[in-house]
Peer 1: 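Can you keep this structure in mind? I'll have questions shortly.
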Protein chains: 2
Amino acid sequence: MEGEIASGSKISEPELARKFNVSRAPLREAMARLERCHLIERIPNAGARVVKLSTEGLRALYQIREELEGLACRLAAENMDDHEIEQLRGLLDQHLTTQRVREGESYYQEAGDLDFHYRIIIGSKNPYLINMLCDELYFLVRMYRVQLGMNGPRVSRAFDEHKAIINAIANRDGELADLLMRRHIAASRGNIELKLQQLGK
Amino acid sequence: MEGEIASGSKISEPELARKFNVSRAPLREAMARLERCHLIERIPNAGARVVKLSTEGLRALYQIREELEGLACRLAAENMDDHEIEQLRGLLDQHLTTQRVREGESYYQEAGDLDFHYRIIIGSKNPYLINMLCDELYFLVRMYRVQLGMNGPRVSRAFDEHKAIINAIANRDGELADLLMRRHIAASRGNIELKLQQLGK
DNA sequence: AAAAAATAAATTGTCGACAATGGCGGCGCG
DNA sequence: CGCGCCGCCATTGTCGACAATTTATTTTTT
């Protein structure tokens, strides 16, 4: 995810097993999980390679995200209880004080439970949705984030958008939360796409 | 999927390995796949059990389907070429002549490439969408279908809805195709839910 | 020199066995 | 008779080795 192993480089099962001093069995399963998360791609009988980030990949991924996280917002507006919403508000305030101070540095890099989107998805209470987003797509999303991390004016703007979304959810206005989330994700995509074109190629 | 192994019954790894005369390794992977498809559920250190079909599960599953297959329609309207659309039309006509004759018997039971929804998803050309729907959710969908198969007036109605959707796609009207698909799936859900309440419990 | 055959290497799937972990039932004790 | 402890057992994770298949490379033949 963090780019430590170069994009497109080959991942050898026996080689990594030696490197980490484990047998092939657990490493095999680990690679199966990576494949499920779309972090590696397999070519039959020719090995596995680290995914390459691309504009087309980003587009395809974010098309799904818009739809699914929009739905997550609608469901979260129905299903999150007041306590959870308050907790999420607290998380945002915490981000404001700890992270946003060093402006433009690193909003958005938190993992798991500390991530805003993650929490909303959990809040939807739909097990299939949670599984698909948190256990499969999210690692790839985070890979784009980490390697083409957001900075500049987008940081504070994203924070404001998060605020607006949580407000809509707190007002139990699922329709609005849905719309705001879709726009938020679309904007985020635009930002990353720009970086991809500048840096990547 | 077909209910041969009763819902809720335990699946033992070593036991099945003996039954099929294979070692635990391949059976292990097979079960991992079943879990990924949500056909079995694991309780840590207590074994795996066949999923139980339920109204809540159906609801959660179809919420995702509406969203994702709606998106698939929108994308298919953009990305399917004329040849693919014509092929899909042919498939529908074939269903009409071969299956629909024995009215109310078994529309909808075809697997894989022969399935209408399947083909549209492929037509979206979005690899993540294809993977999630065809490789993960679809087996569970088919389980509901097979075990609570459609019959009665719903059969011909579903066929007409399919026709309308393919027409919208052929007209490159993604928005309409999206809407029609969502309604189609919602109606299908209603039908299955009814059966679940009648028969299941 | 080009094509074909043979060989080497890597990937991938499979096997049988062992070990650790946690749940469940039986047993003793209060 | 109820409660907690202990041992058995199923589940689960791991290991090292072997086999099959496919791809790449080298050697041989025309």
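Please read all numbers here as calculations on a predicted model, not as lab measurements. Note: hydrogens, waters and symmetry copies are ignored here, and every other heavy atom, side chains too, is used. A note on names: the letters A, B, ... follow the listed sequences, proteins ahead of strands, and every chain is numbered from 1.
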Peer 1: Can you pull the ring-ring contact (aromatic ring centres under 6.0 Å, His included) pairs that have at least one residue in residues 8-46 of chain A, sequence neighbours excluded?
Peer 2: A:H38-B:Y128
Peer 1: Side chains of residues 45-53 of chain B: which donor-acceptor pairs under 3.5 Å do they make with residues two or more places apart or in other chains?
Peer 2:
| unit_1 | atom_1 | unit_2 | atom_2 | d |
| --- | --- | --- | --- | --- |
| B:R49 | NH1 | B:G8 | O | 2.4 |

Peer 1: side-chain hydrogen bond (donor to acceptor under 3.5 Å, both in side chains): which pairs involve residues 4-14 of chain B, sequence neighbours left out?
Peer 2: B:E13-B:R24, B:E13-B:R28
Peer 1: Sequence neighbours left out, cut at 3.5 Å: what donor-acceptor pairs do the side chains of residues 56-64 of chain B make with other protein atoms?
Peer 2:
| unit_1 | atom_1 | unit_2 | atom_2 | d |
| --- | --- | --- | --- | --- |
| B:Y62 | OH | B:R65 | NH1 | 3.0 |
| B:Q63 | OE1 | A:N126 | ND2 | 3.0 |

Peer 1: Can you list the residues that meet the side chain to side chain donor-acceptor pair (under 3.5 Å) rule with A:E193, with sequence neighbours excluded?
Peer 2: A:R189
Peer 1: Using the 3.5 Å cut-off, write out each protein N or O paired with an N or O of nucleotides 7-9 of chain D and the distance between them.
Peer 2:
none

Peer 1: Side chain to side chain donor-acceptor pair (under 3.5 Å) with B:E29: which residues, sequence neighbours excluded?
Peer 2: B:R33
Peer 1: If the condition is side chain to side chain donor-acceptor pair (under 3.5 Å), which residues does A:E67 pass it with, not counting sequence neighbours?
Peer 2: A:R182, B:R74, B:R182
Peer 1: Report the residue from B:E66, B:E69, B:H117 that forms a side chain to side chain donor-acceptor pair (under 3.5 Å) with B:H184.
Peer 2: B:H117
Peer 1: Please list residues of residues 5-25 of chain A whose heavy atoms come under 4.0 Å from any atom in DNA chain C, ordered by number; otherwise none.
Peer 2: A:K10, A:S12, A:R24
Peer 1: Go through residues 28-47 of chain A and report each residue with a non-hydrogen atom lying under 4.0 Å from DNA chain D, sorted by number.
Peer 2: A:N45
Peer 1: Please table the atom pairs, donor to acceptor, closer than 3.5 Å between any side-chain atom in residues 80-91 of chain B and protein atoms at least two apart or in another chain.
Peer 2:
| unit_1 | atom_1 | unit_2 | atom_2 | d |
| --- | --- | --- | --- | --- |
| B:D81 | OD1 | B:H83 | N | 3.1 |
| B:D81 | OD1 | B:E84 | N | 2.9 |
| B:D82 | OD1 | B:R172 | NH2 | 2.9 |
| B:E84 | OE1 | B:D81 | N | 3.0 |
| B:E84 | OE1 | B:K125 | NZ | 3.3 |
| B:R89 | NH2 | B:N167 | OD1 | 2.6 |

Peer 1: Please name all residues satisfying side chain to side chain donor-acceptor pair (under 3.5 Å) with B:E78, sequence neighbours left out, ordered by chain then number.
Peer 2: none
